[in-house]
Amino acid sequence: MSFMTEVRLHPDHLTDLERSGLTMDTIKSAGIYSVPPDQINKKLGFNADKITSVLAFPYNSGSGFERFKPFPPYVGKDGKAAKYLQAKGTVNHLYVPHGLES
C-alpha cells in the first residue's frame, strides 16, 4: 500500500476519527478517506439516497476491499441501523492495520 500525501476528509469524518483517538499520521497510513458524494452509490453497489457522506476504510489485503461508515448510519429495510457497510455482494474480510501485516 502506498502512503497518501494528502488526506481527503469531510470535516465531520475528521471529527469522528479524532474522537476515536486516531492521529493524522494513522489516518494517512491507513489510507482512510471520504468518498466523493457522486461515488457513494457506486462504492456501495446500491442506491443509498439517505446517506449524505461515507468514510472509507481500505483493507490492506491488496484485494481492493473497503468498509464504509455512512453518515448518518444506514437503516435497512428491517429497521436496523448499520454503523458500517461494505459493497453489496462482498464477503467480510479480516482487517489488519498497516504495519502489522507480517
Side-chain angles (χ1 to χ4, degrees):
M1 174 179 166
S2 62
F3 288 94
M4 296 176 61
T5 56
E6 180 182 333
V7 178
R8 301 173 313 245
L9 289 173
H10 184 284
D12 292 343
H13 299 171
L14 180 57
T15 299
D16 185 72
L17 292 167
E18 288 174 338
R19 206 174 22 238
S20 296
L22 296 180
T23 65
M24 189 54 70
D25 286 341
T26 301
I27 294 165
K28 283 181 181 181
S29 69
I32 299 168
Y33 67 97
S34 296
V35 175
D38 65 337
Q39 294 294 308
I40 292 173
N41 291 343
K42 181 179 179 183
K43 288 277 190 180
L44 295 176
F46 63 92
N47 184 4
D49 58 342
K50 294 183 181 176
I51 295 174
T52 58
S53 66
V54 171
L55 184 58
F57 296 85
Y59 278 47
N60 233 3
S61 63
S63 68
F65 182 80
E66 297 177 302
R67 296 241 335 148
F68 306 101
K69 184 172 185 178
F71 291 77
Y74 176 74
V75 178
K77 292 178 184 175
D78 60 2
K80 294 181 183 178
K83 190 172 179 180
Y84 292 92
L85 300 170
Q86 61 195 49
K88 183 177 180 178
T90 61
V91 297
N92 288 335
H93 288 67
L94 175 66
Y95 182 78
V96 179
H98 181 73
L100 297 178
E101 312 73 29
S102 47

Can Tyr84 be reached from Ile27 by stepping across I, L, V, M, F, W or Y side chains whose heavy atoms are under 4.5 Å apart?
yes
If I compare all heavy atoms of Ala82 with all of Pro70, which pair ends up nearest, and what's the gap?
O-CG, 3.9 Å
May I ask whether Val54 and Val75 are part of the same hydrophobic cluster, defined by side-chain heavy atoms of I, L, V, M, F, W, Y residues being less than 4.5 angstrom apart, directly or through others?
no
Separation of Lys88 NZ from Asn47 CG (nearest 0.5 Å)
11.0 Å
Using 0.5 Å steps for rounding, measure from the NZ atom of Lys69 to the CG atom of Leu85.
11.5 Å
Minimum heavy-atom separation for Val35 and Ile40, please, with both atom names.
CG1-N, 3.9 Å
Side chain to side chain, Thr26 and Ile32, heavy atoms closer than 4.5 Å:
no
Measuring from Ile51:CD1 to Asn41:CG, what's the distance to the nearest 0.5 Å?
8.0 Å
Is any side-chain heavy atom of Met24 less than 4.5 Å from a side-chain heavy atom of Leu14?
yes
Test of ring centre spacing under 6.0 Å for Tyr74 and Phe46
yes
Honestly, is Arg8 close enough over Tyr33, meaning NZ or CZ under 6.0 Å from the six-membered ring centre and within 45° of the axis?
yes
When every non-hydrogen atom of Ala87 is compared with those of Lys43, the smallest separation belongs to CB-O, 3.4 Å
Which is it for Leu55 and Asp12 under the side-chain contact (heavy atoms from CB on, under 4.5 Å) test, yes or no, and what are the steps along the way?
CA-CA 10 Å; Leu55 184 58; Asp12 292 343; over 6 Å; no
Presence of salt bridge, Asp16 and Arg19, under 4.0 angstrom:
yes
Considering all heavy atoms of both residues, which atom of Gln86 and which atom of Glu66 are nearest to each other, and what is their separation?
CB-O, 4.0 Å
Are a donor atom and an acceptor atom from the side chains of Ser34 and His13 found within less than 3.5 Å of each other?
yes
Work out which heavy atom in Ala56 is nearest to a heavy atom in Pro58; give both atom names and the distance.
O-CD, 3.5 Å
Residues Lys50 and Pro72: closest non-hydrogen pair is O-CD, 3.5 Å
May I ask you to decide if the ring planes of Tyr59 and Phe65 are parallel, tilted or perpendicular, using 30° and 60° as cut-offs?
perpendicular
